[in-house]
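Input: a single structure, listed below in structure tokens.
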Amino acid sequence: MMESPGRYRDKSPIRKDNGRPSSSTASPYRDRENSPRPAATTTQHTHYSKAKDMAADQFWDGVIDIPNCDWIYTMDELKRKTPSRTTVPFEEEIRRRSRGIAFIVKCCRELRLSRSIGFTASEYFHRFYMRKDISTYHFYEMAGASLFVACKAEECRRKLEDLVSVCAIVASKQKIVVDKTSKLYWHWKDRLIKYEEKLFEVLCFEVLVENPYKRCIEVLRLEHPEIGLLSNRNIALDGEGEGKGKGEGEEEEDPERAAWFAKNKQIFQAGSSFFEYTYRVPLSLLYPTATISAVGIVMGSFLNKQKLPNGFLEESLGCTADDAWLCYSSFCELLKPIVEIDPKVNQAFPTLSEADFLATANQQPV
């Protein structure tokens, strides 16, 4: 049967030489001078070199320039626009957040974890409730999941069964035995695993956060403060190495600055204790880490009766004393709902006036 010519019949020219077009078919790009693609050298591809030289704004503006969330909000957004505002008032949310942070601190002590891990878990905890209702997700269970993720992020692993047992005991507020034979153990294990996934989802996997504890270690020229402080004679004041003497052309350190750094360990310890109270409220959602670190250093210096060196906050943290004072004022405002039910919190550290605060920061009030 003869095949009838159909509409899908291949009408392309007959190809020869392994599928290449025959020499009789003229190519519009046969002449290299008229070709739209320039000739490439043997050492470097032309299209790669041109792409490398082109400006960055010529490539996918909508894909590369994606706005990032810095997790910094205003006081009005914190008071009025969180998901919890439809179920509980602002003061009650602050109290529940504080109880969740206290839960994290107690678990850290039982598991012998550093303050840095506790501060990282607290940051996850506060960020989570900016997008989820605190009445829907219990603050104890969410605090345990935050601590679980913080241990992984800080590379300080603890066995899941140990974390489950500690969380169950601390939450029950009783001296009980929690093991794999108890229902309480499996309840907490299921909750931690379930809420770990939920925490990753809400945080968009942003688990690498900076906390003021680590920032103060760097700024105050400390190393392993929990193990011991290296003596000042072994720490180079210029930050370039250890055990280096003063070289030619190097200026001597200001005596006032050197005397202040001589008490850096005491200042750090006082500031770290103060940070535990700053994380009981969502202060890290209002101010960056550098500003909160500045408040802790000023408070530690005040408790040790020391004044900060002139220009220290601007040089080391990139913030002014006025910024630190605003941060401290916001902290005192957020702490009021907690002080109403627990007056001892306000007695843990002195309340500074603006004059005392700025004087300790070595800045005169305007």
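For this chain, numbers begin at 1 and follow the sequence in order.
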Checklist line | Gln306 CD to Asn362 CG distance, which is reported to the nearest 0.5 Å | finding: 11.5 Å
Next item on the list: Could you list the residues that satisfy salt bridge (Lys or Arg N to Asp or Glu O under 4.0 Å) with Glu210, not counting sequence neighbours?
Entry: Arg215
Next item on the list: Identify, with sequence neighbours excluded, every residue that meets side-chain contact (heavy atoms from CB on, under 4.5 Å) alongside Thr74.
Entry: Asp76, Glu77
Next item on the list: List for me each residue that meets side-chain contact (heavy atoms from CB on, under 4.5 Å) alongside Leu203, sequence neighbours excluded, and say none if there are none.
Entry: Trp71, Tyr124, Arg127, Leu199
Note to self: Suppose we screen for side-chain contact (heavy atoms from CB on, under 4.5 Å). Which residues come up paired with Ala321, at least two apart in sequence or across chains?
What the structure shows: Leu313, Leu358, Ala361, Gln363
Notebook entry, point to check: Is there a donor-acceptor contact under 3.5 Å linking the side chains of Asn304 and Ser301?
Noted result: no
Validation: residues 104-113 side-chain donor-acceptor distances under 3.5 Å, sequence neighbours left out:
none

Next item on the list: Taking ring-ring contact (aromatic ring centres under 6.0 Å, His included) as the test, write out the residues that go with His187, two or more places apart.
Entry: none
Checklist line | Phe275 ring center near Tyr213 ring center (under 6.0 Å) | finding: no
Check: Who pairs with Glu333 by side chain to side chain donor-acceptor pair (under 3.5 Å), at least two apart in sequence or on another chain?
Finding: Lys79
Check: Can you name the nearest heavy-atom pair linking Ala324 to Val295, along with the distance?
Finding: O-CG2, 3.3 Å
Item checked: Nearest atoms (heavy-atom pairs only) where Ile72 meets Pro288 -> CD1-N, 4.1 Å
Next item on the list: May I ask you to check whether Phe139 and Phe103 place their ring centers less than 6.0 Å from one another?
Entry: no
Item checked: Distance-only donor-acceptor check, side chains Asn211 and Ser116, under 3.5 Å -> yes
Margin query: Checking Glu92 now: which residues fulfil salt bridge (Lys or Arg N to Asp or Glu O under 4.0 Å) with it, not counting sequence neighbours?
Written below: Arg95, Arg96
Note to self: Is any side-chain heavy atom of Phe90 closer than 4.5 Å to one of Leu334?
What the structure shows: yes
Check: Which residues pass the side-chain contact (heavy atoms from CB on, under 4.5 Å) test with Thr82, sequence neighbours left out?
Finding: Leu78, Ser84, Arg85, Glu93, Met130
Margin query: Once ring-ring contact (aromatic ring centres under 6.0 Å, His included) is applied, what residue pairs with a partner in residues 324-355 remain, sequence neighbours excluded?
Written below: Phe274-Phe331, Phe274-Phe349, Tyr277-Phe349, Trp325-Tyr328, Trp325-Phe357, Tyr328-Phe357, Phe331-Phe349
Next item on the list: Sequence neighbours left out, what passes salt bridge (Lys or Arg N to Asp or Glu O under 4.0 Å) with Lys344? Give chain and number order.
Entry: none
Next item on the list: Might you point out which heavy atoms bring Met142 and Tyr195 nearest each other, and give the distance in Å?
Entry: CE-O, 3.7 Å
Check: Hey, are Thr87 and Asp133 close enough side-chain-wise for a donor-acceptor pair under 3.5 Å?
Finding: yes
Checklist line | Residues Asp162 and Ser165: side-chain donor-acceptor under 3.5 angstrom | finding: no
Note to self: Let me confirm one number: the OG1-CG distance from Thr320 to Leu317, rounded to the nearest 0.5 Å.
What the structure shows: 11.0 Å
Item checked: Inter- and intrachain pairs under side chain to side chain donor-acceptor pair (under 3.5 Å), touching residues 142-154, at least two apart -> Thr120-Glu154, Lys152-Glu196, Glu154-Lys214
Item checked: Contact check, side chains of Ser284 and Glu123, non-hydrogen atoms, under 4.5 Å -> yes
